[in-house]
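All residue numbers in this chain count up from 1 along the given sequence. Only heavy atoms go into these numbers, but all of them, side chains included; no hydrogens, no water, no symmetry mates.
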Amino acid sequence: MKFVLKTALCILLSLPVSAQNSDVKAVLQKIKTSKQDTNRVLAYIEYGNILENQNLDSAASYYLKAESLSEKLNYPNGRFKFRSNYTYILNLQGKFEQALKLNKESLVIAREMKHPVNVAKSLNNIAASYTYMGHFTEAIKYYQQSADQFDKLGMKQYLPRLYVNIGTAFEHANLFEKSLTYKQKALQLARPMQDSLQLADILTTIGSCYFNLKRYQESKAHFTEGLNVAEKIGSDIFVIQAYAGLCRTNRVLKNLPAAKVYGEKGLVLARKTGNVFLEMECLRALMFVAEDSKQPDLSAKYTEEALKIAEANDMTDHLIELYEDYATDLGRQNKHKAAYDYLMKYVVLNDSLQGIDVQKQLQELDARYLTAQKEKQIVTLEKEKQARNTLIYGLIAGFVVLMLIGILIYRNIVIRKRIAEKEVLQLQQEKQLVATNSILKGQEEERTRVARDLHDGLGGLLSGIKLTLNSVKGNVIMPEESAMTFGRAINQLDSAIGEMRRVAHSMMPETLVRFGLIDALSDFCEGINTSGYLKVNMQSFGFEKRLDSSVEIVLYRIVQELLNNVLKYAEASEAHVQLTRVDNEVSLTVEDNGKGFDVSKLEQNKGAGIRNVQARVDYLNGRLDIQSKPTEGTSILIEITV
């Protein structure tokens, strides 16, 4: 009998690896402190990802919170992320119809967003749902559409998962050699990617392919490697899959004690995580071990438990084998009528899902897909050939019709001129960007130099003068009027020293150099709060390590410029500064509750402050997004990659 571990991880979004306690606390703090906005939606999704390997119900509750807030905010990206992640939970729980409905909704949302990557992911997830439901022809169609979409986008990192999914669909139709071909392609692409979660998935699913092809030693080797990878990253799902696979392979290799240990470990862990799909797989593996151990009653018990799970969750593909197994168990118990009924159920379902016609359809579908790929190459060659022929015919016709040649030459000159103009414009833009970067760099270097000279040179000189004057005051007897004048001079000198230090700190804060961006911004915001003109709240996440000093300086200047704009023009009473870092992605949000403005008029009358901010964002190769309406405040989002 075939062995299929249908992986439940067909969603192409990044899947969670075990989170450190500090990460969990950071995400929870982010949820607690963020406003009811899109940042909280993303935090809910992030925490749900962390919980998936621990408790499916808890993960689902946070995904549902994300959906509720996304609907309230009319946030399409949040609605899409909810469906893409929540269907993962539904698949693990065997709720395939509900998952298919949500996946189709996510495709509609992705197309409305005009987001080609999300369209490709949705196509893949729809195909996964069809695979779970046993509709393999539909699954292959959607998988191939998804693969074509990612190939057009040049996003090769998603192809390993797609190849695994296509191979799994063929595997369910008993086309094991075809399945192995696709999965080996996936493994070849995945190994250099350093994605342990994906590698554990592919290794265990290839193990099942080798098992079905009766290549048991190769199957055992892949399951063992998959188990080692899964245990290192703490992925319970792939640990269970590897346990079930090693139970199967050790059983056929006549190592029944080891098979029993692996099967029982997998069953305990599957029940602990609430994964009914993998629970059923472990039950079926233990059923065969009990049968080989001459324990027919225990074998029948495992079969009955697995059958209940499959029937409760409408797992049609697994019902095929379970009907056959249960018929055998009933036959051993001399319940021949019931055994015959289950055997007929097996025959009917097997013909509908895995019969010759279905296999033929899948073979034809794969052939058409491969043919389409070749036809694309042929079309490209034909176009090149046609272009050459057109040129030849044009030259021949040119000797006959001089006017036509003149038109073609003129058209060619115009096109070349346009291309040249575009190249000149591009060079000018690049030159302007280089000049802007040089100016910004020069400004910061000059600020640093002047601040150091003020603090170390002029500051030291003024402090020395003050000490000298204080010494003179103590050693010279002066009239009362002269003493008062002398005192005022010392006070004015104190004011000058303080003003000099303020200017030096403004030009290059010492806190920024010594302690980093977060501490410097905290001091800056606290200074504004102390002034009483504006209340500034600041939040940060993910800055355990400092950024490059040049990046920190530019980000500090951006926040400084934006908050100065709020003070000058917004007439706001409160502002929020939020800095977030996830891996190499840094986002900065500055919001205020001021009078706002019409963003559409910004390009026509962009002030020096906004131009400075835009120049600094361009220097960091970042993205600037300004959202504002009159009387509704302003929100400015900046995203960069470090």
Side-chain angles (χ1 to χ4, degrees), residues 9-16 37-49 52 62-91 98-130 138-139 141-163 165-166 193 195 198 580 582-589 599 617 621-627 635-641:
L9 298 179
C10 294
I11 296 173
L12 284 174
L13 299 177
S14 298
L15 297 173
D37 57 10
T38 57
N39 287 326
R40 177 167 288 193
V41 173
L42 298 178
Y44 282 148
I45 296 292
E46 186 178 358
Y47 193 53
N49 290 162
E52 281 178 358
Y62 277 92
Y63 290 149
L64 290 169
K65 288 181 180 180
E67 164 66 356
S68 177
L69 185 54
S70 295
E71 290 291 343
K72 180 180 178 181
L73 299 172
N74 192 22
Y75 180 36
N77 191 41
R79 295 170 60 223
F80 175 83
K81 286 181 177 292
F82 157 72
R83 285 160 176 79
S84 297
N85 286 274
Y86 189 59
T87 51
Y88 167 71
I89 303 293
L90 295 175
N91 286 334
Q98 189 175 347
L100 176 61
K101 178 177 178 294
L102 290 179
N103 282 329
K104 288 186 174 181
E105 290 177 3
S106 74
L107 179 59
V108 174
I109 295 170
R111 284 174 172 163
E112 289 175 349
M113 294 169 63
K114 297 181 180 179
H115 197 304
V117 176
N118 287 348
V119 168
K121 291 177 180 179
S122 297
L123 289 169
N124 174 81
N125 295 341
I126 291 171
S129 292
Y130 278 123
E138 287 297 313
K141 288 180 182 178
Y142 278 97
Y143 279 139
Q144 290 173 346
Q145 290 179 43
S146 180
D148 285 342
Q149 183 82 351
F150 280 120
D151 195 32
K152 289 178 183 177
L153 295 170
M155 304 182 72
K156 305 296 184 184
Q157 67 270 28
Y158 291 114
L159 292 180
R161 182 78 65 194
L162 277 166
Y163 284 146
N165 294 342
I166 294 173
M193 292 183 179
D195 185 344
Q198 179 172 252
T580 304
V582 179
D583 295 330
N584 293 330
E585 301 299 321
V586 176
S587 65
L588 165 65
T589 303
V599 178
V617 173
N621 293 320
R623 185 178 71 86
L624 173 65
D625 180 40
I626 302 176
Q627 300 290 331
S635 175
I636 298 178
L637 171 64
I638 296 168
E639 296 177 332
I640 65 169
T641 301

Worked verdict on Lys141 versus Tyr130 for side-chain contact (heavy atoms from CB on, under 4.5 Å) | CA-CA 10 Å; Lys141 288 180 182 178; Tyr130 278 123; over 6 Å; no
At what distance, to the nearest 0.5 angstrom, does NZ of Lys101 lie from OG1 of Thr87?
-> 12.5 Å
Does Asp37 use its side chain to pair, donor to acceptor, with the backbone of Asn39 at less than 3.5 Å?
-> yes
pair Tyr158-Leu153: side-chain heavy atoms closer than 4.5 Å = no
Under the side chain to side chain donor-acceptor pair (under 3.5 Å) rule, what do Tyr143 and Asp148 come out as? Steps first, then yes or no, please.
-> CA-CA 9 Å; Tyr143 279 139; Asp148 285 342; over 6 Å; no
Take Thr589 and Ile636, measure what side-chain contact (heavy atoms from CB on, under 4.5 Å) needs, and give me the verdict at the end.
-> CA-CA 6 Å; Thr589 303; Ile636 298 178; over 6 Å; no
By salt bridge (charged side-chain N to carboxylate O under 4.0 Å, His left out), Glu67 pairs with (sequence neighbours left out) Arg83
Check: Asn621 and Ile640 side chains under 4.5 Å, non-hydrogen atoms = no
Separation between CZ of Phe80 and CG of Asn118, rounded to the nearest 0.5 Å = 3.5 Å
The reported gap from CD in Gln98 to CD1 in Ile89 (rounded to nearest 0.5 angstrom) is 12.0 Å
Determine, step by step, whether Gln149 and Asp151 satisfy the side chain to side chain donor-acceptor pair (under 3.5 Å) criterion, reporting the C-alpha distance in whole Å, the side-chain angles of both residues, the deciding distance to 0.1 Å, and the verdict.
-> CA-CA 5 Å; Gln149 183 82 351; Asp151 195 32; over 6 Å; no
Heavy atoms of Ser587 and Leu637 approach each other most closely as CB-CD1, 4.3 Å
Close side-chain approach of Asn85 and Ile45, heavy atoms under 4.5 Å = yes
Shortest non-hydrogen separation from Asn91 to Ala99 and the atoms involved | OD1-CB, 3.4 Å
Once you round to the nearest 0.5 Å, how far does CD1 of Ile626 lie from CD1 of Ile638?
-> 8.5 Å
Smallest heavy-atom separation, Met193 atom then Gln157 atom, equals CE-CA, 3.5 Å
Test item: Tyr63 side-chain N/O and Asn49 main-chain N/O as donor-acceptor pair under 3.5 Å = yes
Test Tyr142 against Asn165 for side-chain contact (heavy atoms from CB on, under 4.5 Å), laying out the working first.
-> CA-CA 11 Å; Tyr142 278 97; Asn165 294 342; over 6 Å; no
Contacts of Tyr44 meeting ring pair (Phe, Tyr, Trp, His ring centres under 6.0 Å) (sequence neighbours excluded), chain-then-number -> none
From CZ (Phe82) to CG (Leu102), nearest 0.5 Å | 5.5 Å
For Arg623, check salt bridge (charged side-chain N to carboxylate O under 4.0 Å, His left out) against everything at least two apart and list the hits.
-> Glu639
Quick one: do Gln627 and Val599 satisfy side-chain contact (heavy atoms from CB on, under 4.5 Å)? Show the steps, please.
-> CA-CA 7 Å; Gln627 300 290 331; Val599 178; 6.0 Å; no
Sequence neighbours excluded, which residues qualify as side chain to side chain contact (heavy atoms under 4.5 Å, CB included) partners of Ser68?
-> none
Are a donor atom and an acceptor atom from the side chains of Ser129 and Asn103 found within less than 3.5 Å of each other?
-> yes
Donor on one side chain, acceptor on other, Ser106 and Ser122, under 3.5 Å | yes
With a 4.5 Å limit on heavy-atom distance, are the side chains of Asn124 and Leu162 in contact?
-> yes
Is Val119 close to Val117 at the side-chain level, that is, under 4.5 Å between some pair of heavy atoms?
-> no
Heavy-atom check, side chain of Thr580 versus side chain of Leu588, under 4.5 Å | no
Can you see which heavy atom on Leu123 is nearest to which on Arg111, and at what distance?
-> CD2-NH2, 4.5 Å
Check whether any side-chain heavy atom of Lys121 sits under 4.5 Å from a side-chain heavy atom of Phe150, and report yes or no.
-> yes
Test salt bridge (charged side-chain N to carboxylate O under 4.0 Å, His left out) applied to Arg40 - qualifying residues, sequence neighbours left out | none
Please list, chain by chain and in numerical order, all residues satisfying salt bridge (charged side-chain N to carboxylate O under 4.0 Å, His left out) with Glu112, sequence neighbours excluded.
-> none
How many angstroms lie between atom CG of Asn125 and atom OG of Ser146, to the nearest 0.5 angstrom?
-> 8.0 Å
